[in-house]
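Notes follow the structure.
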Amino acid sequence: MKSLQYILLISSIVVSLAPTYYGAEIIGGRKVKPHSKPYMVSIQVGNKNGHYVHKCGGALIRSKWVLTAAHCEDKRPIQVVLGAHSLSRNETSQQKLQVKRQYPHRGFNGKTPENDIMLLELSSEAKINKYVKLLKLPKDKIADLKRGTRCTVAGWGTTNARFKDPSDTLKEVKLFVIDRKTCNSKDYYNHNPVVTEDMICVGDSKGREDTSLGDSGGPLICKGVYTGIVSYGPKKPTEKKPGIYTLISRKYLKWIQETIRVQAYNMMTEEYFEF
(Lines give C-alpha, C1' and ligand atoms only; values in the text may rest on other atoms or scores of the structure.)
Protein backbone atom coordinates (compact mmCIF):
# COMPACT_ATOMS: atom_id res chain seq x y z
CA MET A 1 0.00 0.00 0.00
CA LYS A 2 1.54 3.22 -1.01
CA SER A 3 0.53 6.24 0.91
CA LEU A 4 -3.17 6.72 1.26
CA GLN A 5 -2.86 10.08 -0.39
CA TYR A 6 -3.06 9.49 -4.14
CA ILE A 7 -5.65 6.77 -4.16
CA LEU A 8 -7.79 8.47 -1.59
CA LEU A 9 -8.06 11.39 -4.00
CA ILE A 10 -9.21 9.06 -6.77
CA SER A 11 -11.57 7.19 -4.49
CA SER A 12 -13.47 10.36 -3.68
CA ILE A 13 -14.26 10.66 -7.38
CA VAL A 14 -15.03 6.99 -7.88
CA VAL A 15 -17.60 6.83 -5.11
CA SER A 16 -19.14 10.18 -6.13
CA LEU A 17 -18.96 11.80 -2.74
CA ALA A 18 -18.89 15.51 -1.89
CA PRO A 19 -15.76 17.22 -3.26
CA THR A 20 -14.34 17.84 0.20
CA TYR A 21 -14.56 14.22 1.30
CA TYR A 22 -11.83 11.70 0.56
CA GLY A 23 -12.56 8.08 1.23
CA ALA A 24 -9.95 5.49 1.73
CA GLU A 25 -6.20 0.02 -1.54
CA ILE A 26 -3.55 -1.95 0.00
CA ILE A 27 -0.39 -0.14 -1.11
CA GLY A 28 2.85 -1.91 -0.27
CA GLY A 29 0.89 -4.75 1.27
CA ARG A 30 1.64 -8.43 1.37
CA LYS A 31 -0.40 -11.45 0.32
CA VAL A 32 -2.67 -12.99 2.92
CA LYS A 33 -2.78 -16.75 3.46
CA PRO A 34 -5.92 -17.86 1.57
CA HIS A 35 -9.04 -17.89 3.78
CA SER A 36 -7.12 -16.87 6.90
CA LYS A 37 -9.51 -13.93 7.36
CA PRO A 38 -12.92 -15.56 6.88
CA TYR A 39 -14.79 -12.47 8.11
CA MET A 40 -13.65 -10.35 5.14
CA VAL A 41 -16.33 -9.16 2.73
CA SER A 42 -16.02 -7.83 -0.81
CA ILE A 43 -18.80 -5.31 -1.41
CA GLN A 44 -19.58 -5.16 -5.12
CA VAL A 45 -21.82 -2.94 -7.24
CA GLY A 46 -23.55 -3.83 -10.49
CA ASN A 47 -22.35 -2.09 -13.64
CA LYS A 48 -24.10 -1.39 -16.94
CA ASN A 49 -23.13 -4.80 -18.31
CA GLY A 50 -24.78 -6.58 -15.44
CA HIS A 51 -21.46 -7.56 -13.88
CA TYR A 52 -20.49 -6.82 -10.32
CA VAL A 53 -17.24 -5.03 -9.52
CA HIS A 54 -15.48 -4.61 -6.20
CA LYS A 55 -16.03 -1.24 -4.53
CA CYS A 56 -15.38 -1.55 -0.79
CA GLY A 57 -14.45 -3.92 1.96
CA GLY A 58 -16.41 -4.85 5.03
CA ALA A 59 -16.71 -7.37 7.84
CA LEU A 60 -19.41 -9.95 8.53
CA ILE A 61 -20.59 -9.27 12.09
CA ARG A 62 -23.88 -11.24 12.04
CA SER A 63 -25.11 -13.93 9.64
CA LYS A 64 -27.22 -11.28 7.86
CA TRP A 65 -25.22 -8.12 8.64
CA VAL A 66 -22.06 -6.53 7.26
CA LEU A 67 -20.33 -3.52 8.82
CA THR A 68 -18.62 -1.05 6.48
CA ALA A 69 -18.16 2.71 5.85
CA ALA A 70 -21.08 5.04 5.11
CA HIS A 71 -19.29 6.53 2.10
CA CYS A 72 -19.58 3.10 0.46
CA GLU A 73 -23.33 3.60 0.08
CA ASP A 74 -24.46 3.15 -3.53
CA LYS A 75 -27.70 3.44 -5.49
CA ARG A 76 -26.77 0.59 -7.81
CA PRO A 77 -27.54 -3.06 -7.04
CA ILE A 78 -25.11 -4.39 -4.43
CA GLN A 79 -23.93 -7.88 -3.62
CA VAL A 80 -21.42 -9.13 -1.10
CA VAL A 81 -18.95 -11.92 -1.69
CA LEU A 82 -18.02 -13.98 1.36
CA GLY A 83 -15.37 -16.68 1.68
CA ALA A 84 -13.25 -15.24 -1.12
CA HIS A 85 -9.49 -15.03 -1.59
CA SER A 86 -9.42 -14.37 -5.35
CA LEU A 87 -12.15 -12.20 -6.84
CA SER A 88 -11.63 -13.47 -10.39
CA ARG A 89 -11.82 -17.18 -9.65
CA ASN A 90 -15.04 -19.07 -9.08
CA GLU A 91 -13.94 -20.48 -5.73
CA THR A 92 -16.23 -23.12 -4.22
CA SER A 93 -15.77 -21.42 -0.86
CA GLN A 94 -17.50 -18.26 -2.02
CA GLN A 95 -21.00 -17.16 -1.09
CA LYS A 96 -22.63 -14.34 -3.04
CA LEU A 97 -25.57 -12.62 -1.38
CA GLN A 98 -27.63 -9.61 -2.38
CA VAL A 99 -27.85 -6.60 -0.11
CA LYS A 100 -31.44 -6.03 1.00
CA ARG A 101 -30.98 -2.62 2.63
CA GLN A 102 -28.25 -0.11 3.42
CA TYR A 103 -28.22 1.72 6.76
CA PRO A 104 -25.66 4.55 6.72
CA HIS A 105 -25.41 6.46 9.97
CA ARG A 106 -27.81 9.40 9.82
CA GLY A 107 -25.09 11.73 11.06
CA PHE A 108 -22.84 11.13 8.05
CA ASN A 109 -22.78 13.99 5.54
CA GLY A 110 -19.89 13.03 3.22
CA LYS A 111 -17.85 16.15 3.99
CA THR A 112 -15.89 14.82 6.96
CA PRO A 113 -15.11 11.39 8.44
CA GLU A 114 -17.68 11.97 11.18
CA ASN A 115 -20.08 9.03 11.50
CA ASP A 116 -18.58 7.18 8.52
CA ILE A 117 -20.17 3.87 9.39
CA MET A 118 -22.87 1.77 7.72
CA LEU A 119 -24.66 -1.53 8.17
CA LEU A 120 -25.71 -3.70 5.24
CA GLU A 121 -28.62 -6.08 5.73
CA LEU A 122 -28.29 -9.16 3.53
CA SER A 123 -31.19 -10.77 1.70
CA SER A 124 -30.50 -14.12 3.37
CA GLU A 125 -28.26 -15.53 6.06
CA ALA A 126 -24.68 -16.43 5.30
CA LYS A 127 -23.71 -20.03 5.95
CA ILE A 128 -21.07 -20.02 8.67
CA ASN A 129 -18.28 -22.50 8.00
CA LYS A 130 -14.48 -22.64 7.91
CA TYR A 131 -14.41 -20.16 5.01
CA VAL A 132 -17.05 -17.75 6.31
CA LYS A 133 -17.01 -16.61 9.93
CA LEU A 134 -18.15 -13.66 12.00
CA LEU A 135 -15.83 -10.94 13.24
CA LYS A 136 -16.63 -10.19 16.86
CA LEU A 137 -17.30 -6.60 17.82
CA PRO A 138 -15.53 -5.24 20.89
CA LYS A 139 -17.54 -5.89 24.04
CA ASP A 140 -17.28 -2.32 25.29
CA LYS A 141 -15.66 1.02 24.62
CA ILE A 142 -12.18 0.67 23.17
CA ALA A 143 -9.62 2.55 25.25
CA ASP A 144 -7.30 4.83 23.31
CA LEU A 145 -4.45 2.74 21.99
CA LYS A 146 -0.92 3.83 22.70
CA ARG A 147 1.07 5.51 19.97
CA GLY A 148 2.97 2.91 17.98
CA THR A 149 0.48 0.09 18.61
CA ARG A 150 0.64 -2.23 15.62
CA CYS A 151 -2.56 -2.80 13.66
CA THR A 152 -3.44 -4.60 10.42
CA VAL A 153 -5.83 -3.91 7.57
CA ALA A 154 -6.71 -6.30 4.75
CA GLY A 155 -8.49 -5.67 1.48
CA TRP A 156 -8.75 -6.11 -2.26
CA GLY A 157 -8.03 -2.46 -2.98
CA THR A 158 -5.62 -1.09 -5.55
CA THR A 159 -2.01 -2.08 -4.91
CA ASN A 160 -0.39 0.54 -7.10
CA ALA A 161 -1.06 4.28 -7.06
CA ARG A 162 -1.04 4.42 -10.87
CA PHE A 163 -3.90 1.97 -11.38
CA LYS A 164 -7.54 1.92 -10.31
CA ASP A 165 -8.20 -1.81 -10.61
CA PRO A 166 -8.56 -3.72 -7.35
CA SER A 167 -6.20 -6.48 -6.32
CA ASP A 168 -7.41 -9.91 -7.41
CA THR A 169 -6.33 -11.50 -4.14
CA LEU A 170 -6.67 -10.37 -0.54
CA LYS A 171 -3.70 -8.40 0.76
CA GLU A 172 -2.73 -7.08 4.16
CA VAL A 173 -0.69 -4.20 5.52
CA LYS A 174 0.73 -3.51 8.99
CA LEU A 175 0.28 0.01 10.29
CA PHE A 176 0.83 1.90 13.54
CA VAL A 177 -1.38 4.06 15.75
CA ILE A 178 -0.66 7.80 15.79
CA ASP A 179 -2.05 9.61 18.82
CA ARG A 180 -5.02 11.92 18.29
CA LYS A 181 -3.22 15.06 19.43
CA THR A 182 -0.44 14.53 16.90
CA CYS A 183 -2.94 13.71 14.16
CA ASN A 184 -4.76 17.00 14.84
CA SER A 185 -1.51 18.99 14.90
CA LYS A 186 -0.16 21.31 12.20
CA ASP A 187 2.19 18.55 11.06
CA TYR A 188 -0.78 16.46 10.00
CA TYR A 189 -4.45 17.48 9.67
CA ASN A 190 -4.40 20.70 11.70
CA HIS A 191 -8.03 20.06 12.75
CA ASN A 192 -9.16 19.93 9.12
CA PRO A 193 -10.91 17.61 9.53
CA VAL A 194 -11.05 17.36 13.29
CA VAL A 195 -10.05 13.90 14.51
CA THR A 196 -12.61 13.23 17.23
CA GLU A 197 -12.79 10.64 20.00
CA ASP A 198 -14.80 8.47 17.61
CA MET A 199 -11.87 8.27 15.18
CA ILE A 200 -8.39 6.79 15.25
CA CYS A 201 -5.31 7.70 13.18
CA VAL A 202 -3.21 4.87 11.80
CA GLY A 203 -0.41 4.95 9.26
CA ASP A 204 3.10 4.05 8.22
CA SER A 205 5.76 6.45 9.50
CA LYS A 206 7.69 6.11 6.24
CA GLY A 207 4.64 6.69 4.07
CA ARG A 208 5.25 3.53 2.04
CA GLU A 209 2.28 1.51 3.18
CA ASP A 210 -1.34 2.38 3.73
CA THR A 211 -4.93 1.78 2.65
CA SER A 212 -6.89 3.53 -0.06
CA LEU A 213 -9.26 3.00 -3.00
CA GLY A 214 -11.17 -0.26 -2.67
CA ASP A 215 -10.19 -0.82 0.96
CA SER A 216 -12.73 1.63 2.34
CA GLY A 217 -15.03 0.02 4.88
CA GLY A 218 -12.57 -2.75 5.69
CA PRO A 219 -11.82 -3.69 9.31
CA LEU A 220 -8.88 -2.34 11.28
CA ILE A 221 -7.58 -4.97 13.69
CA CYS A 222 -5.43 -3.83 16.63
CA LYS A 223 -4.13 -6.23 19.28
CA GLY A 224 -6.51 -8.87 17.94
CA VAL A 225 -9.60 -6.65 18.37
CA TYR A 226 -11.92 -5.21 15.72
CA THR A 227 -11.03 -1.59 16.36
CA GLY A 228 -11.96 0.55 13.38
CA ILE A 229 -13.19 0.99 9.82
CA VAL A 230 -11.15 2.35 6.88
CA SER A 231 -12.55 5.83 6.27
CA TYR A 232 -10.56 8.91 5.27
CA GLY A 233 -7.25 10.25 4.00
CA PRO A 234 -5.46 13.47 2.96
CA LYS A 235 -6.64 15.59 0.04
CA LYS A 236 -3.29 16.09 -1.69
CA PRO A 237 -1.34 13.09 -3.05
CA THR A 238 1.95 14.60 -1.90
CA GLU A 239 0.93 14.78 1.75
CA LYS A 240 2.38 12.14 4.04
CA LYS A 241 -0.46 11.85 6.50
CA PRO A 242 -1.92 8.86 8.31
CA GLY A 243 -5.33 7.50 7.48
CA ILE A 244 -8.31 8.35 9.67
CA TYR A 245 -10.43 5.39 10.70
CA THR A 246 -13.87 5.25 12.28
CA LEU A 247 -13.27 4.00 15.81
CA ILE A 248 -15.79 1.40 16.95
CA SER A 249 -16.61 3.42 20.04
CA ARG A 250 -19.36 2.93 22.60
CA LYS A 251 -21.46 5.40 20.59
CA TYR A 252 -21.24 3.23 17.48
CA LEU A 253 -21.63 -0.06 19.34
CA LYS A 254 -24.94 1.26 20.65
CA TRP A 255 -25.96 2.39 17.14
CA ILE A 256 -25.11 -1.03 15.67
CA GLN A 257 -27.07 -2.89 18.34
CA GLU A 258 -30.10 -0.62 18.05
CA THR A 259 -30.19 -0.73 14.25
CA ILE A 260 -30.07 -4.52 14.14
CA ARG A 261 -32.60 -4.86 16.95
CA VAL A 262 -35.08 -2.48 15.32
CA GLN A 263 -34.86 -4.21 11.97
CA ALA A 264 -35.28 -7.63 13.59
CA TYR A 265 -38.40 -6.35 15.36
CA ASN A 266 -39.78 -4.88 12.12
CA MET A 267 -39.27 -8.20 10.36
CA MET A 268 -41.07 -10.09 13.12
CA THR A 269 -43.95 -7.61 12.94
CA GLU A 270 -44.22 -7.93 9.17
CA GLU A 271 -44.28 -11.73 9.40
CA TYR A 272 -46.91 -11.65 12.16
CA PHE A 273 -49.30 -9.56 10.11
CA GLU A 274 -48.87 -11.49 6.88
CA PHE A 275 -52.06 -13.12 5.65
Side-chain angles (χ1 to χ4, degrees), residues 1-25 27 56 68-73 104-118 138 141-151 153 157 161 173 175-213 215-220 222 226-255:
M1 303 182 189
K2 194 175 181 178
S3 51
L4 190 59
Q5 299 97 3
Y6 178 72
I7 300 130
L8 288 174
L9 176 62
I10 297 176
S11 71
S12 65
I13 299 172
V14 172
V15 298
S16 301
L17 295 172
T20 54
Y21 183 81
Y22 296 81
E25 76 201 75
I27 304 299
C56 284
T68 185
H71 75 262
C72 292
E73 183 181 17
H105 195 286
R106 290 184 179 181
F108 178 70
N109 61 21
K111 297 180 180 179
T112 76
E114 191 79 31
N115 302 311
D116 192 11
I117 185 170
M118 177 170 67
K141 178 183 177 181
I142 297 175
D144 274 346
L145 297 172
K146 292 182 180 180
R147 179 174 184 160
T149 299
R150 179 175 289 185
C151 303
V153 183
V173 67
L175 303 170
F176 301 90
V177 172
I178 296 171
D179 65 90
R180 194 172 290 111
K181 183 178 180 180
T182 300
C183 204
N184 272 318
S185 71
K186 292 181 180 179
D187 293 333
Y188 289 99
Y189 286 100
N190 196 23
H191 293 89
N192 183 29
V194 175
V195 181
T196 71
E197 292 184 356
D198 294 313
M199 304 173 197
I200 184 172
C201 285
V202 186
D204 173 21
S205 60
K206 296 181 181 179
R208 294 179 302 187
E209 299 185 330
D210 218 323
T211 59
S212 192
L213 178 62
D215 289 326
S216 290
L220 173 73
C222 303
Y226 188 6
T227 301
I229 299 168
V230 181
S231 173
Y232 185 97
K235 300 176 183 180
K236 296 179 181 179
T238 55
E239 293 177 302
K240 290 187 176 180
K241 297 180 180 179
I244 300 176
Y245 294 66
T246 301
L247 181 66
I248 304 179
S249 60
R250 183 176 294 168
K251 166 186 172 181
Y252 293 133
L253 285 172
K254 183 179 180 181
W255 174 80

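Excluded from the calculations below are hydrogen atoms, water molecules and symmetry mates; all remaining heavy atoms, backbone and side chain alike, are included.
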Atom pair [atom1]/[atom2] of [X] and [Y] - distance to nearest 0.5 Å:
X: Ile229; Y: Cys56; atom1: CD1; atom2: SG; answer: 11.0 Å
X: Ile178; Y: Asn184; atom1: CD1; atom2: CG; answer: 12.0 Å
X: Leu145; Y: Ile200; atom1: CG; atom2: CD1; answer: 4.5 Å
X: Ser231; Y: Ile117; atom1: OG; atom2: CD1; answer: 10.0 Å
X: Cys201; Y: Leu175; atom1: SG; atom2: CG; answer: 12.0 Å
X: Lys146; Y: Phe176; atom1: NZ; atom2: CZ; answer: 16.0 Å

Heavy-atom closest pair, residues [X] and [Y]:
X: Arg180; Y: Thr196; answer: NE-O, 2.8 Å
X: Glu114; Y: Lys251; answer: OE2-NZ, 3.9 Å
X: Cys183; Y: Tyr188; answer: O-CB, 3.3 Å
X: Gly217; Y: Thr68; answer: CA-OG1, 3.2 Å
X: Leu220; Y: Val153; answer: CD1-CG2, 3.4 Å
X: Ser249; Y: Asp198; answer: OG-OD1, 2.8 Å

Give a yes-or-no answer on whether the side chains of Asp116 and Tyr245 include a donor-acceptor pair shorter than 3.5 Å.
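There is no such pair between these side chains.
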Do any N or O atoms from the side chain of Tyr232 and from the backbone of Thr246 form a donor-acceptor pair under 3.5 angstrom?
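It does not hold such a pair.
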Are the side chain of Asn190 and the backbone N or O of Asn192 linked by a donor-acceptor pair below 3.5 Å?
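Judged by distance alone, no pair lies under 3.5 Å.
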Would you check if Tyr189 and Ile244 make a side-chain contact, meaning some heavy-atom pair closer than 4.5 Å?
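They are in side-chain contact.
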For the residue pair Tyr252 and His105, does the interplanar ring angle fall in the parallel (under 30°), tilted (30 to 60°) or perpendicular (over 60°) class?
perpendicular
